[in-house]
Amino acid sequence: MTEIIIAAAVVCGVGILIGVLLGVAGEKFKVEVDPKEIAVRELLPGNNCGGCGFPGCDGLAAAIAKGEMPPSACPVGGEAVAKAISEALGVESTETVRYVAFVKCAGDCEKAKDVYEYVGPKSCKLAQNNPNGGPKACTYGCTGYGSCKQVCEFDAIDIIDGIAVINKDKCKACGKCIDECPRKLIELVPYNAEHLVRCNSHDRGIDVKAACSAGCIGCSLCVRNCEAEAITMDRNLAHIDPEKCNNCGACKHKCPVKIIT
């Protein structure tokens, strides 16, 4: 009985000693956290999506508290969170532009041609390892296997008729789909952008038409008819700068293949 009591006493003594040591170490080595950082962190949505450029919300909160990033740096939180953070920090709230993801492809099952029947895992990245980068004749277009949809935390992407379609109202512009797409045909554009080119092909017009009836043929009619000089040609592909575009619609009406939307 005496041995049991002694063993119990030793265990209790060691436990108390460890607890005291941990308490002292915790006080000595604790890191002081800026109250502003705590306040900002509580206002951030907590998705840890990385869309702000930081691995998680903790890093962004610290940067905002230090003034290294603006209160509007969180793409998921949007204007509401930016305003709340500005009020918490006592700084002026600036108007933010909402961005959404945009898929530069209109080559659905009806418009885009296939060169063979693909049998394999439904993954855009894995399909890239096959001949032609997948069955679709256009090597620039959406393969439609939904790799972007799988990484979207906000259920903002659907695969419709063989191509990815973004739900603008659900998209939070986190950028995960952009990183996931092996063909790099997703980009962020302003929510209110009315005229965008739904094509990503840099092939010559004759080759584009052979692969897809909804591809940019590089005719430059949109460029010549844009009074705002918002459209440029890059290797046979038209690109519209949303910041310069005045939404006159001339490019849309002049486009012979109707891929400006």
Side-chain angles (χ1 to χ4, degrees), residues 41 44-64 68-70 72-79 81-82 96-108 112 118 120-130 132-136 138-193 196-202 215-216 234-235 237 239-243 261:
R41 181 63 185 86
L44 292 173
N47 291 84
N48 294 311
C49 62
C52 58
F54 291 85
C57 294
D58 290 341
L60 177 60
I64 293 177
E68 298 173 355
M69 294 292 287
S72 59
C74 176
V76 176
E79 187 174 354
V81 169
T96 59
V97 177
R98 180 182 176 184
Y99 284 82
V100 293
F102 171 70
V103 180
K104 298 180 289 184
C105 181
D108 56 27
Y118 173 72
K122 301 302 181 181
S123 165
C124 300
K125 288 187 174 180
L126 292 178
Q128 285 290 106
N129 298 325
N130 288 270
N132 203 53
K136 184 170 286 189
C138 176
T139 58
Y140 299 90
C142 178
T143 54
Y145 294 132
S147 292
C148 55
K149 177 179 175 62
Q150 294 170 13
V151 299
C152 181
E153 299 179 11
F154 308 100
D155 193 29
I157 305 178
D158 291 305
I159 306 301
I160 301 176
D161 292 335
I163 58 173
V165 177
I166 308 293
N167 185 320
K168 292 174 60 175
D169 294 321
K170 290 184 178 181
C171 179
K172 301 299 182 182
C174 69
K176 283 192 174 182
C177 58
I178 295 175
D179 296 333
E180 188 68 16
C181 178
R183 293 189 169 180
K184 304 303 178 186
L185 54 81
I186 304 178
E187 65 179 2
L188 292 180
V189 299
Y191 178 88
N192 294 325
L196 300 165
V197 180
R198 294 186 65 192
C199 184
N200 191 45
S201 176
H202 292 284
C216 177
D234 177 21
R235 293 173 294 152
L237 178 64
H239 182 269
I240 300 175
D241 185 344
E243 295 185 1
T261 182

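The minimum heavy-atom distance linking R98 with K168 is given by the pair NH2-O, 2.9 Å. Across K136 and I163, no two heavy atoms sit closer than the pair NZ-CG2, 3.9 Å. When every heavy atom of P75 is checked against every heavy atom of A173, the shortest pair comes out as CB-O, 3.5 Å. Y191 approaches D169 most closely through the heavy-atom pair OH-OD1, 2.6 Å. For the pair K149 and I159, the tightest heavy-atom approach, listed with the atom from each and the gap, is CD-CG1, 4.2 Å. Nearest heavy atom pair, residue P190 against residue V97, reads CB-CG1, 4.2 Å.
Side-chain contact between V189 and V100 is present, with at least one heavy-atom pair separated by less than 4.5 Å. A 4.5 Å side-chain heavy-atom check between C57 and R41 finds at least one atom pair inside the cut-off. N167 places none of its side-chain heavy atoms less than 4.5 Å from the side chain of F154. Taking 4.5 Å as the limit, some side-chain heavy atom of L44 sits within range of a side-chain heavy atom of V81.
One distance of note links CZ of F102 with CD1 of I166; it measures 9.5 Å at 0.5 Å rounding. Here the NZ-CD distance, from K172 to E153, works out to 12.0 Å after rounding to the nearest 0.5 Å. Considering SG of C124 and CD of Q150, their distance stands at 8.0 Å, rounded to 0.5 Å. In this structure, the separation between CG on D155 and NZ on K170 is 4.0 Å, given to the nearest 0.5 Å. Of the inter-residue distances, the one linking L60 atom CG with C49 atom SG reads 9.5 Å to the nearest 0.5 angstrom. K104 NZ to S201 OG: the interatomic distance, rounded to the nearest 0.5 Å, is 11.5 Å.
Annotation: E68, atom CD; neighbour count of heavy atoms from other residues, nucleotides and ligands within 6.0 Å is above 12.
Remark: E187 pairs with no residue by the side-chain hydrogen bond (donor to acceptor under 3.5 Å, both in side chains) rule, at least two apart or across chains. Applying the side-chain hydrogen bond (donor to acceptor under 3.5 Å, both in side chains) rule to N47 yields no partners; only residues at least two apart in sequence or on another chain are considered. Legend: residues meeting side-chain contact (heavy atoms from CB on, under 4.5 Å) with C177, ordered by chain and number and at least two apart, are A101, C148, I157, I186.
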N48 and F54: side-chain contact (heavy atoms from CB on, under 4.5 Å), yes or no, with the steps?
CA-CA 8 Å; N48 294 311; F54 291 85; over 6 Å; no
Worked verdict on H239 versus D234 for side-chain contact (heavy atoms from CB on, under 4.5 Å)
CA-CA 7 Å; H239 182 269; D234 177 21; 5.7 Å; no
Apply the test side-chain contact (heavy atoms from CB on, under 4.5 Å) to residues I160 and D108: give CA-CA distance (whole Å), side-chain angles for both, the deciding distance (0.1 Å), then the verdict.
CA-CA 8 Å; I160 301 176; D108 56 27; over 6 Å; no
Steps toward side-chain contact (heavy atoms from CB on, under 4.5 Å) verdict (N200, C105):
CA-CA 6 Å; N200 191 45; C105 181; 5.9 Å; no
